[in-house]
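Everything quoted here is computed from the prediction, not taken from an experiment. Just so you know, ligand 1 is whichever comes first in the structure, and atom 1 is the first atom listed for that ligand.
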Amino acid sequence: MNVPNDSGVPAARIRVLNDAPMRGDGDYVLYWMTAFRRRGYNFALQRAAERSAELGKAIVVLEGLRCGYPWASDRLHAFVLQGMEENRRAFGRAGIKYVPFVEMSPRGGKGLLEILSERACCVVADDSPAFFLPRMLCSASERLNVMVEGVDSNGLLPLREAPGAFPTAHAFRRFLQKTLIPHLLAFPAADPFLGKPVLPLAEIPKEVPERWPEPARNMLSGTAAALASLPIDHAVAPVALVGGEKAARQVLRTFIGERLSRYDEDRNRTDVEGTSGLSPYLHFGHISAHEVFEAVARNEGWSIEHVPQRATGSRTGWWGMGPQAEGFLDQLVTWRELGFNAALRLPRYECYESLPGWALNTLQKHTSDHRPKAYSLQEIEEARTHDPLWNAAQRQLVREGRLHNYLRMLWGKKILEWSPSPPDALAVMTHLNNKYALDGRDPNSTSGIFWCLGRYDRAWGPQRPIFGTVRYMSSENTARKLRVGDYLRRYAN
Ligand SMILES: Cc1cc2nc3c(=O)[nH]c(=O)nc-3n(C[C@H](O)[C@H](O)[C@H](O)COP(=O)(O)OP(=O)(O)OC[C@H]3O[C@@H](n4cnc5c(N)ncnc54)[C@H](O)[C@@H]3O)c2cc1C
């Protein structure tokens, strides 16, 4: 594969977030890692490395894990902590000061960023559009009296290159086909420190280790005893999947080696592992979409000259790769980045009112339709509905923190059918998805959930009770379409 690599971080990915000056006489460049929790293919870390080389000052990496964010649980913490432990070792080996911070009580981290920034030349931070991260970055930038740069390493398209929101995947794909090529010429570095001078380890203010001591080794390993000491939800248990960049690369290798060649046929099957399983790693930034794209392209023997010069919006033939790779990239690039686009550009994208007008109208017309089956949040959460396939899906979500994509659509559609109103359904889907799914709380959580209510879709006849013309799905049809016998047995209770 031949993706030309430009060493600089593209200007389109950098935002200066406050009016405070850069301080050339500072002691280090502070990189605040919050969303892109990895070392490779990370434009934000690369920007910090560039600043460090330009100023001749070492880097300090601050990676924090708060405890007071919505849905914080043993499951999510364990996954993030495993990645932090790997970062601790790797930055240590590279001679880079790494400050891991695990908050032991809500707001326990208050003041840490400020104190670290007092001796910094500048702060480079991850710029990500969803969950509590944009608010946190914005309020920190206002408080700090040193320049803060936000860097976008979310996906192949710099987020701010798209001027507005898109109503369909087809429209977004067409936009990407017109605009993406120059951005494929500017990939992030696999190793942002390669070719950069090695500087002496930075010293951080003494107050930092005194007030915010480094987490004990068992905390960074996410042991049960360590997790038990944190004020987070202990009822949502860790899963077998291990977090971190190394594990992410292994998952990617397995996918490319064993599944990519049958992706289009297998992705909707429940009886085989047909998809990549990368979404938790993409969500926590343990792997970048660039690295995944590059690995697929290399496997295809692809180079940029293979891209046909036409923008039809069609998914087939977009990249000039084989159909399996193209099918996969359509999810990784079109669908994933469509969610990021909405998070940035669609006003109030998490509110029910952000649905397209036709969906709001048709759902409104059917709000008072009789619901033959209605379940409370508790009944739904405990998988106590009349529908065995749906119950199995809910059990998989609760136990394993993941849900097969096809069943995930059915899962959402049924919640719409069984809830007192569409806004209630939205609240239940959001709560359960974000509480249990490792990849939850992501821009794709919102696009998947809102898809169940009509976003990115069109009206489908005939009119049905509750749904109106919003696309309907039934467990019976799903069971006929997929071979679900094994799945039902696996999650029978
Ligand atoms: C109700 C509902 C809720 C969802 N919640 C989430 C969520 O919380 N987090 C999440 O990442 N995805 C969510 N999705 C989208 C999709 O189900 C998952 O991205 C996919 O199943 C992840 O598995 P994978 O990594 O093996 O996917 P693969 O098929 O291997 O795809 C590779 C990557 O492409 C992206 N992708 C794949 N399918 C979609 C899709 N339909 N929409 C957007 N991006 C996609 C993901 O980043 C995924 O990791 C949701 C979908 C629905 C219908």
Test of proximity, Leu278 against ligand 1: N or O pairs below 3.5 Å: yes
Looking at Phe132, is Arg66 sitting on its ring face, NZ or CZ under 6.0 Å from the six-membered ring centre and within 45 degrees of the normal? yes
Please determine if Arg298 forms a cation-pi arrangement with Trp302, meaning its NZ or CZ atom is less than 6.0 Å from the six-membered ring centre and no more than 45° off the ring axis. no
Go through ligand 1 atom by atom and flag the ones less than 4.0 Å from a non-hydrogen atom of Gly277. 24 (P), 25 (O), 26 (O)
If the plane angle is over 60° it's perpendicular, under 30° parallel, otherwise tilted; pick one for Tyr491 and Tyr487. tilted
Of all the atoms in ligand 1, which lie at a distance below 4.0 Å from a heavy atom belonging to Leu332? 34 (O)
With only distance considered, is Trp411 within less than 3.5 Å of ligand 1 through an N or O on each side? no
Using a strict cut-off of 4.0 Å, indicate which atoms of ligand 1 neighbour a heavy atom of Met409. 53 (C)
Considering the heavy atoms of Gly440, write down every atom of ligand 1 situated less than 4.0 Å from one of them. 8 (O)
Close approach, Arg408 and ligand 1, non-hydrogen under 4.0 angstrom: yes
Indicate the ring-plane relationship of His431 and Trp71, choosing parallel, tilted or perpendicular according to the 30° and 60° boundaries. tilted
Give a yes or no answer on whether the side chain of Glu400 reaches the backbone of Val239 with a donor-acceptor pair at less than 3.5 Å. no
My understanding is that we take every heavy atom of each candidate and find the minimum distance to atom 41 (N) of ligand 1. Doing that for Leu282, Asn405, Leu338, which one comes out nearest? Asn405
Phe328 and Phe255: aromatic ring centres closer than 6.0 Å? yes
